[in-house]
Novice: 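Sending over a structure as structure tokens; questions will come in a sec.
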Amino acid sequence: QVQLVESGGGLVQAGGSLRLSCAVSGRTSSNYAMGWFRQALGKEREFVAAITWSGGRTYYADSVKGRFTISRDNAESTVYLQMNSLKPEDTAVYYCASSTFPSIVRIPGNYNYWGQGTQVTVSS
């Protein structure tokens with residue numbers, strides 16, 4: 001079992017920054033990749049970014065590339081999402097997820113465990 005707890009969401013003006021954190025506990029040794037997804041009201045959950053737990057390889061959605069940075073601290077078992085130059089269209093509930101097997105990291109169905117989500121609201 002893996003438990004995930006997100007934090008760091010909030011309200012920010014367009015152009016501002018936020019850093020989301022995802023505390024990982026449980027059987028972290030079985031993690032293959034960690035991902036961030038988001039879901040805006042009335043829309044499907046979409047991929048934002050992912051990072052492999054051991055090698056640190058990163059992946060980004062085109063919509064956030066160059067603005068968001070995913071990182072992990074294995075010693076602290078925490079994954080971060082630094083979000084800069086935020087736009088109103090980034091408004092969504094952001095979810096942290098864990099995958100315990102090698103897979104296509106952009107697909108939500110490939111993740112075994114999910115956090116409860118944290119709201120990010122960007123005002124114009």
Side-chain angles (χ1 to χ4, degrees):
Q1 286 280 353
V2 175
Q3 294 80 40
L4 308 173
V5 178
E6 303 99 331
S7 61
L11 173 64
V12 64
Q13 288 189 331
S17 299
L18 282 174
R19 189 176 80 155
L20 304 183
S21 299
C22 175
V24 186
S25 60
R27 295 187 59 185
T28 58
S29 60
S30 62
N31 283 349
Y32 168 72
M34 299 294 299
W36 286 98
F37 291 79
R38 65 187 181 188
Q39 188 165 16
L41 198 62
K43 295 188 177 182
E44 293 187 354
R45 191 167 298 189
E46 66 173 358
F47 170 76
V48 175
I51 186 167
T52 57
W53 196 252
S54 60
R57 184 173 181 177
T58 58
Y59 305 80
Y60 295 96
D62 288 342
S63 59
V64 307
K65 202 171 292 183
R67 300 188 298 123
F68 290 11
T69 302
I70 188 171
S71 62
R72 88 260 189 260
D73 183 333
N74 288 12
E76 295 294 328
S77 294
T78 303
V79 178
Y80 303 99
L81 184 68
Q82 178 66 44
M83 306 186 294
N84 298 329
S85 303
L86 282 161
K87 305 174 182 180
E89 50 264 44
D90 293 319
T91 295
V93 177
Y94 283 70
Y95 297 91
C96 175
S98 167
S99 173
T100 58
F101 56 93
S103 61
I104 299 174
V105 297
R106 299 172 185 268
I107 300 176
N110 287 339
Y111 289 78
N112 313 68
Y113 302 98
W114 292 82
Q116 81 288 351
T118 185
Q119 176 71 46
V120 171
T121 303
V122 184
S123 62
S124 57

Novice: Does the side chain of Tyr59 come within less than 4.5 Å of Ile70's, by heavy atoms?
Specialist: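 Side-chain contact under 4.5 Å: no.
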
Novice: Would you kindly confirm whether Val120 and Phe37 end up in one hydrophobic cluster when ILVMFWY residues are joined by side chain heavy atoms under 4.5 Å apart?
Specialist: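 Different clusters: Val120 never reaches Phe37 through Ile, Leu, Val, Met, Phe, Trp or Tyr contacts under 4.5 Å.
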
Novice: Which residue pairs pass the side chain to side chain donor-acceptor pair (under 3.5 Å) test when at least one of the two sits in residues 88-100, sequence neighbours left out?
Specialist: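 Output for this query lists Asn31-Ser98, Arg38-Asp90, Arg38-Tyr94, Arg67-Asp90, Thr100-Asn112.
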
Novice: Kindly check if the number of other-residue, nucleotide or ligand heavy atoms within 6.0 Å of CG (Leu11) is above 12?
Specialist: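 Yes, CG of Leu11 has more than 12 neighbouring heavy atoms, counting only those of other groups under 6.0 Å.
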
Novice: Taking ring-ring contact (aromatic ring centres under 6.0 Å, His included) as the definition, give me every residue that meets it alongside Tyr32, ordered by chain and number, with sequence neighbours left out.
Specialist: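 Scan of Tyr32 (ring-ring contact (aromatic ring centres under 6.0 Å, His included), adjacent residues dropped) gives none.
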
Novice: Do the side chains of Leu4 and Ile51 join up, straight or via other hydrophobic residues, at under 4.5 Å, putting them in one cluster?
Specialist: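 Yes; tracing contacts between hydrophobic side chains, which count when under 4.5 Å, links both residues.
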
Novice: Got a donor-acceptor contact below 3.5 angstrom from the Glu6 side chain to the Gly117 backbone?
Specialist: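 Checking the backbone N and O of Gly117 against the side chain of Glu6, a donor-acceptor pair under 3.5 Å is found.
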
Novice: Counting C-beta onward and ignoring hydrogens, is there a side-chain heavy-atom pair between Arg45 and Trp114 closer than 4.5 Å?
Specialist: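 Yes, close enough: below the 4.5 Å cut-off.
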
Novice: Has the side chain of Gln116 got a donor or acceptor atom that lies under 3.5 Å from a matching backbone atom of Val5?
Specialist: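 Here the side-chain-to-backbone pair does not exist.
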
Novice: Strictly distance-based, threshold 3.5 Å: is any side-chain N or O of Asn74 a donor or acceptor partner for the main-chain N or O of Ser54?
Specialist: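 Judged by distance alone, no pair lies under 3.5 Å.
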
Novice: Testing the basics here: between Ala49 and Leu81, what is the closest heavy-atom pair and its distance to 0.1 Å?
Specialist: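 The answer is CB-CD1, 4.1 Å.
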
Novice: Verify, without hydrogens or angle tests, whether Tyr111 (side chain) and Met34 (backbone) share a donor-acceptor contact under 3.5 angstrom.
Specialist: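 The answer is no, because no donor-acceptor pair under 3.5 Å joins these two groups.
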
Novice: Can you see which heavy atom on Val105 is nearest to which on Ala33, and at what distance?
Specialist: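 Shortest heavy-atom separation between Val105 and Ala33 comes out as CG1-CB, 4.0 Å.
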
Novice: Within the distance-only criterion (no hydrogens, no angle test), does the side chain of Arg57 pair as donor or acceptor with the backbone N or O of Ala50 below 3.5 angstrom?
Specialist: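 No; zero donor-acceptor contacts below 3.5 Å.
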
Novice: About how many Å separate OG of Ser124 and NZ of Lys87, when rounded to the nearest 0.5 Å?
Specialist: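 Answer for the NZ-OG pair, Lys87 versus Ser124, is 14.0 Å.
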
Novice: Would you compute the distance between atom CH2 of Trp36 and atom CZ of Phe47 and round it to the nearest 0.5 angstrom?
Specialist: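 Going from the CH2 atom of Trp36 to the CZ atom of Phe47 covers 12.5 Å.
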
Novice: Kindly compute the distance separating OG1 (Thr78) from CZ (Arg72), expressed to the nearest 0.5 Å.
Specialist: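 The distance works out to 12.0 Å.
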
Novice: What's the separation between atom CD in Gln39 and atom CD in Glu44, rounded to the nearest 0.5 Å?
Specialist: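 If I round to the nearest 0.5 Å, the distance is 8.0 Å.
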
Novice: What distance separates Leu86 CG from Thr121 OG1, expressed to the nearest 0.5 Å?
Specialist: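 The distance works out to 10.5 Å.
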
Novice: For Tyr80 and Thr69, indicate whether the former's side chain and the latter's backbone hold a donor-acceptor pair under 3.5 Å.
Specialist: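 Side chain of Tyr80 to backbone of Thr69, a donor-acceptor pair under 3.5 Å: no, none is there.
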
Novice: Give the minimum heavy-atom separation between Trp53 and Val24, together with the two atoms involved.
Specialist: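 Where Trp53 meets Val24 most closely, the heavy atoms are CH2-CG2, 4.4 Å.
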
